[in-house]
Amino acid sequence: MHIISNLDTGTNFSSNLQPITGYGVAKVLDSAHPGFAKDDLVWGITGWEEYSLISDPKNFFKIQHADVPLSYYAGILGMPGITAYIGFYELCAPKKGDYVFVSAACGAVGQLVGQFAKLHGCHVVGSAGSPEKVSILKNKFGFDEAFNYKDEPDFDATLKRHCPEGIDIYFDNVGGKMLDAVLLNLRPHARIAVCGMISQYNREQPDGVQNLSSMVSKEARMQGYLATNYYHLYPKYLEMILPLIKESKVVYVEDVADGLENAPKALVGIFSGRNIGKQVVAVNCL
């Protein structure tokens, strides 16, 4: 019934024996809501289950364009897509020629930020967690440079090697030691969009950030954000992204696990970087 997304911090692990929830794509089987009718295709937060009862559909979106893979609405055309759009364009205000660094650059959001930056005329560097992902960044997504952070014992030295001119925009998906190293490599008036901190979520003692003084000396700006507060810009985002998809100017990589029984394994794999691209679970065909 749904194609359920696993790769988002909106996943809710409830302790009251309710189904886990996450972003999904679904078909409406019945509706008493005036905004949704039987057989409508929608995306929004559903349960990890074959059938969901939605009592509050205010953050559900009716799918108007079904001539692209429906799974895209759990990724490039859904929450990850607008997350990349808001963080890069609205918060970081890119300029042609900017030097951009993206961490977790092969993930659901990072792969889009890098491609948006290239289309905008920026120089783009990304980090990922395997040689295969580094190859994808450079050969499929068009990043100028990329590195495997697991092979780099000194992130500051790594960034100085791959970003010798410094960093104007950092799109942060990981936090921790990578963020701390980026702070040492900022250019004047740099912008940092804090999208996520996956390196810290399972740590009993989070890594401390030591180099915040660089924010002062470089007159930099760092801002966290929640994509849900920008959903009013979703139509504007669709207007931009759909032509880019159809003209193959932006590509999107998904890692599809088949069957709800494989959802826990797929979710756990995210935290070790096992997935390539956006992790989704195909529960049932629409």
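Note that these values count all heavy atoms, side chains included, but never hydrogens, waters or copies made by symmetry.
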Is there a side-chain contact between [X] and [Y] in this structure, where contact means two heavy atoms from C-beta onward sitting under 4.5 Å apart?
X    : Y    : result
V182 : D172 : no
S31  : K38  : no
V253 : K278 : no
D39  : K27  : yes
S127 : V102 : no
V25  : L41  : no
L186 : I192 : yes

Exercise: identify the closest heavy-atom pair between [X] and [Y]:
X    : Y    : value
E204 : P206 : O-CD, 3.7 Å
V256 : A282 : CG1-CB, 4.1 Å
T83  : A227 : OG1-CB, 3.2 Å
A146 : H162 : O-CE1, 3.9 Å

What residues, two or more places apart in sequence or in another chain, satisfy side chain to side chain contact (heavy atoms under 4.5 Å, CB included) together with [X]?
X    : result
F61  : W43, Y231, Y234
D255 : N275, I276, Q279
E165 : Y99, R187
D144 : K118, H123, V124

Counterpart residues, side chain to side chain donor-acceptor pair (under 3.5 Å), relative to [X] (two or more places apart):
X    : value
T228 : none
S199 : none
K249 : E247

Specify whether F143 and F141 have parallel, tilted or perpendicular ring planes, treating 30° as the upper limit for parallel and 60° as the lower limit for perpendicular.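 Aromatic pair F143/F141 classed tilted.
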Nearest 0.5 Å, please: how far is CG in D207 from CG in D180?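 These two atoms lie 8.5 Å from each other.
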With rounding to the nearest 0.5 Å, note down the distance linking CG in D168 to NZ in K95.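 Rounded to the nearest 0.5 Å, the CG-NZ separation comes to 6.5 Å.
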Salt bridge (charged side-chain N to carboxylate O under 4.0 Å, His left out) between K246 and D67: does it pass, once the steps are laid out? CA-CA 9 Å; K246 293 174 182 179; D67 54 344; 3.1 Å; yes
Report yes or no: do V268 and Y201 belong to one cluster of Ile/Leu/Val/Met/Phe/Trp/Tyr joined by side chain heavy-atom distances under 4.5 Å?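 No, V268 does not connect to Y201 through the hydrophobic network.
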Are L119 and V113 co-members of a hydrophobic cluster defined by side-chain heavy atoms under 4.5 Å apart?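 Linked within one cluster.
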Quick one: do E152 and R161 satisfy salt bridge (charged side-chain N to carboxylate O under 4.0 Å, His left out)? Show the steps, please. CA-CA 11 Å; E152 303 292 342; R161 185 170 74 251; 2.9 Å; yes
Quick check against the 3.5 Å criterion: does [X] have a side-chain atom that pairs as donor or acceptor with the backbone of [Y]?
X    : Y    : result
S135 : P131 : no
H120 : P94  : yes
D98  : V100 : no

Could you go through the side chain to side chain contact (heavy atoms under 4.5 Å, CB included) check for V68 and Y73 one step at a time? CA-CA 9 Å; V68 294; Y73 288 93; 4.0 Å; yes
Stepwise side chain to side chain contact (heavy atoms under 4.5 Å, CB included) check, L77 with L242: CA-CA 8 Å; L77 295 177; L242 281 168; 4.0 Å; yes
By ring-ring contact (aromatic ring centres under 6.0 Å, His included), which residues pair with [X], not counting sequence neighbours?
X    : value
Y85  : Y89, Y237
F101 : F147, Y170
H33  : F36

Kindly check if the number of other-residue, nucleotide or ligand heavy atoms within 6.0 Å of NZ (K140) is above 12?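 It does not: K140 NZ has 12 such atoms or fewer within range.
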Is the count of non-hydrogen atoms from other residues, nucleotides or ligands lying under 6.0 Å from E239 atom CD greater than 12?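 Count not over threshold, so no.
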Go through the steps for L183 and M215 under the test side chain to side chain contact (heavy atoms under 4.5 Å, CB included), then give the verdict. CA-CA 7 Å; L183 292 171; M215 298 285 296; 3.8 Å; yes
Pair I63, V42 - check side chain to side chain contact (heavy atoms under 4.5 Å, CB included), show working. CA-CA 5 Å; I63 293 173; V42 297; 5.5 Å; no
Identify, with sequence neighbours excluded, every residue that meets salt bridge (Lys or Arg N to Asp or Glu O under 4.0 Å) alongside E132.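 So E132 forms no salt bridge (Lys or Arg N to Asp or Glu O under 4.0 Å) with any residue.
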Report the residues that fulfil salt bridge (Lys or Arg N to Asp or Glu O under 4.0 Å) with D156, sequence neighbours left out, ordered by chain and then residue number.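 Listed in chain order: K160.
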